[in-house]
Amino acid sequence: MKNLLFPDNPQFWYETLRSMSHIAYGGADFGEVVATGERIVEGDYDSWHTEWLATADRVSGEAEKALEAGHTVSARDGFLRASNYYRSAEFFLHGHPCDPRHDHAYDRSVACFRAAAALFTPVIEPVSIPYEDTALPGYLYRADGSGTPRPTLIMHNGFDGTAEEMHFFGALAGAERGYTVLVFDGPGQPGPRHHQDLVFRPDWENVITPVVDFAETLPEVDNDRIALLGSSMGGVLAPRAAAFEHRLAALIAVDGVYDLGQISVRNIPGDRKAAERLLRAESAPELDAAFEQIMAKDATARWAINHGMYVMGVDTPRAFNTSYLDYTLAGGIAEKIRCPTLVCDAAEDEFFKGQPEQLYDHLTCPRTLMVFTGEEGAGAHCHPGAMRLALARIYDWLDDTLTGTSTGTGTGT
């Protein structure tokens with residue numbers, strides 16, 4: 001898809017398209033996104049933050065006035081958009097150390113989302129999921145107020161997305177279709193990272209198992225029909241969990257990821273073992289210098305490495321890249337997945353090209369590969385710009401799988 005804004009900066013365009021994709025479920029208005037983008041200086045992170053914050057402040061202010069005047073639908077819609085705009089405002093502020101402005105924008109994003117959640121019918125309920133010696137934040141979506149057990153989808157985001165963002169990426173779509181939906185932030189994801197200093201962990205089954213335990217206590221959950229969806233980096237985390245948590249009735253990876261370590265070693269000379277030894281070495285000054293050069297030349301790499309140090313809880317670019325080596329489904333892990341699995345693939349994925357096919361090829365469970373293309377407007381990573389199309393296909397697969405009408409194997413486009 002051609003860049004409509006930021007013609008020379010694919011990073012800024014992708015994040016703009018990401019906000020545009022949320023229009024489908026009330027998370028943005030086209031004119032607000034374009035007007036904000038036109039004020040931003042291309043490639044300038046401070047300008048990005050300033051302009052998105054200004055839009056978010058304006059929209060949230062209007063929502064608050066609407067609420068005070070009793071216009072609850074207008075207030076709900078405004079708070080939803082403001083929540084997404086605050087999320088965008090803080091997006092490029094993470095690093096080592098973080099820009100101090102990030103907490104304000106993040107907390108405003110959550111506050112606006114919760115204000116909107118309270119105005120839905122039925123309300124979207126904030127929940128606290130017991131996890132080790134603390135709790136994970138999340139939201140429970142009910143199809144209605146009857147308390148009837150329903151097929152349930154547990155959803156989480158990936159490397160840089162929030163639980164609140166999942167509202168626009170499938171949570172509301174699930175409730176519309178009669179599902180109970182449980183969304184949460186895990187360790188390393190925004191809520192636990194901002195407020196509990198919890199960083200990512202590769203053994204994601206130790207995150208999902210307590211979430212499934214919690215789900216099974218809810219009257220609205222059919223314990224025999226609990227599915228799991230992971231988005232972006234969640235495309236490796238959710239399959240890792242499903243390899244060991246066998247209560248899951250279905251798994252969806254949007255998009256599939258097989259081995260994050262491939263990203264860490266791709267620019268290091270030599271074979272995989274030699275690259276891993278160098279990454280894990282006590283000292284590797286030449287490699288450290290190479291990472292610094294990459295960050296100086298490539299804005300996307302600079303952001304990814306800075307954010308990666310933040311979410312992994314490490315303090316050097318090499319340590320971040322080393323941490324990626326542990327996020328893999330190789331070595332027989334993918335083969336342990338038992339439940340029917342949908343692997344989504346974006347034909348023009350700029351981050352994990354080829355990895356959905358790798359995951360699909362290693363699965364021994366009932367499996368489907370679902371490819372989304374540029375011609376459909378859905379070819380970018382996680383299909384921004386084609387949310388209604390993508391979610392229709394994903395939920396149709398899940399409907400068929402949980403009702404026993406899926407063929408259980410094959411490739412869809």
Side-chain angles (χ1 to χ4, degrees), residues 127 129 136 138-144 146-157 166 169-184 186 204-231 234-257 329 333-344 356 359-360 362-370 390-412:
V127 295
I129 302 170
L136 303 175
Y139 299 94
L140 178 64
Y141 292 71
R142 297 177 174 90
D144 56 33
S146 69
T148 302
R150 295 181 178 273
T152 298
L153 184 59
I154 296 171
M155 309 179 73
H156 62 75
N157 220 315
M166 295 304 286
F169 193 74
L172 184 61
E176 287 178 339
R177 288 166 168 81
Y179 285 82
T180 298
V181 180
L182 178 61
V183 178
F184 76 98
W204 204 248
E205 65 275 13
N206 288 316
V207 177
I208 293 300
T209 288
V211 177
V212 175
D213 290 343
F214 175 80
E216 289 187 337
T217 69
L218 303 173
E220 297 88 356
V221 172
D222 179 344
N223 293 351
D224 293 325
R225 292 190 291 173
I226 298 175
L228 173 65
L229 182 150
S231 175
V236 69
L237 297 174
R240 162 70 197 219
F244 299 97
E245 174 49 78
H246 295 304
R247 287 176 291 177
L248 297 171
L251 168 68
I252 303 167
V254 186
D255 293 328
V257 179
L329 302 172
I333 295 174
E335 289 81 354
K336 294 181 184 293
I337 298 171
R338 299 177 187 172
C339 61
T341 297
L342 173 62
V343 180
C344 295
L359 172 56
Y360 177 80
H362 280 270
L363 293 173
T364 57
C365 58
R367 58 185 182 155
T368 301
L369 181 67
M370 186 177 288
L391 291 171
R393 291 180 183 171
I394 288 167
Y395 273 108
D396 289 353
W397 176 90
L398 188 59
D399 288 346
D400 294 344
T401 298
L402 294 185
T403 58
T405 59
S406 173
T407 61
T409 185
T411 302

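Along the sequence shown, residues carry numbers from 1.
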| said: Quick one: does any side-chain atom of R367 pair with a main-chain N or O of Y360 as donor and acceptor, under 3.5 Å? | reply: yes
| remark: For Y141 and L172, the nearest pair of non-hydrogen atoms, with its separation, is CE2-N, 4.1 Å
| said: Salt bridge check, R247 against D224: does any charged N sit closer than 4.0 Å to a carboxylate O? | reply: no
| message | Quick check against the 3.5 Å criterion: does T152 have a side-chain atom that pairs as donor or acceptor with the backbone of R150? | response | yes
| note | Of all heavy-atom pairs linking G256 and V343, the shortest is CA-CG1, 3.9 Å
| message | Using ring centroids (six-membered ring only for Trp), state whether Y395 and Y179 fall under 6.0 Å. | response | yes
| Would I252 and I394 count as a side-chain contact (heavy atoms from CB on, under 4.5 Å) if you check the C-alpha gap in whole Å, the side-chain angles of each, and the deciding distance to 0.1 Å? | CA-CA 8 Å; I252 303 167; I394 288 167; 3.8 Å; yes
| Do you know which two heavy atoms are closest between D222 and P151, and how far apart they sit? | CB-N, 4.1 Å
| Steps toward side-chain contact (heavy atoms from CB on, under 4.5 Å) verdict (V181, V183) | CA-CA 6 Å; V181 180; V183 178; 3.9 Å; yes
| Looking only at heavy atoms, what is the nearest atom pair of V207 and G186, with distance? | CG1-CA, 4.4 Å
| Straight-line distance of C339 SG to E245 CD, nearest 0.5 Å | 10.0 Å
| query | Is any side-chain heavy atom of V254 closer than 4.5 Å to a side-chain heavy atom of F169? | reply | yes
| request: Please examine the side chains of T217 and D213, heavy atoms only from C-beta on, and report whether any two atoms are closer than 4.5 Å. | output: no
| query | Could you state the interatomic distance from CG (L182) to CD1 (I129), rounded to the nearest 0.5 Å? | reply | 4.5 Å
| said: Under the side chain to side chain contact (heavy atoms under 4.5 Å, CB included) test against L359, which residue among D255, V236, L329 passes? | reply: L329
| message | Could you tell me if the side chain of I337 sits less than 4.5 Å from the side chain of L363, heavy atoms only? | response | yes
| request: Starting at NE2 of H246, measure out to CD of E205 and round the result to the nearest 0.5 Å. | output: 10.0 Å
| message | Closer than 3.5 angstrom, by distance alone: can the side chain of T209 be matched with the main-chain N or O of N206 as a donor-acceptor pair? | response | no
| field | Exercise: identify the closest heavy-atom pair between G234 and P239 | value | O-CD, 3.6 Å
| Where is the tightest heavy-atom contact between I154 and I226, given as atom of each residue plus distance? | CD1-CG2, 3.7 Å
| query | Got V221 and P149 here, is their nearest side-chain heavy-atom distance under 4.5 Å? | reply | no
| request: Side-chain contact test, heavy atoms from C-beta onward, threshold under 4.5 Å: evaluate it for H156 versus S231 and give yes or no. | output: no
| 4.5 Å side-chain heavy-atom contact, L228 and W204 | no
| said: Using side-chain heavy atoms (C-beta onward) and a distance below 4.5 Å, is P340 in contact with W397? | reply: yes
| field | Note, V212 side chain near L248 side chain (heavy atom, < 4.5 Å) | value | yes
| Does the pair F214 and V127 meet the rule for a side-chain contact (heavy atoms from CB on, under 4.5 Å), with working shown? | CA-CA 10 Å; F214 175 80; V127 295; 4.0 Å; yes
| Is there a donor-acceptor contact under 3.5 Å from the side chain of T368 to the main chain of L342? | no
| field | Electrostatic pair E220:R142 at N-O distance under 4.0 angstrom | value | yes
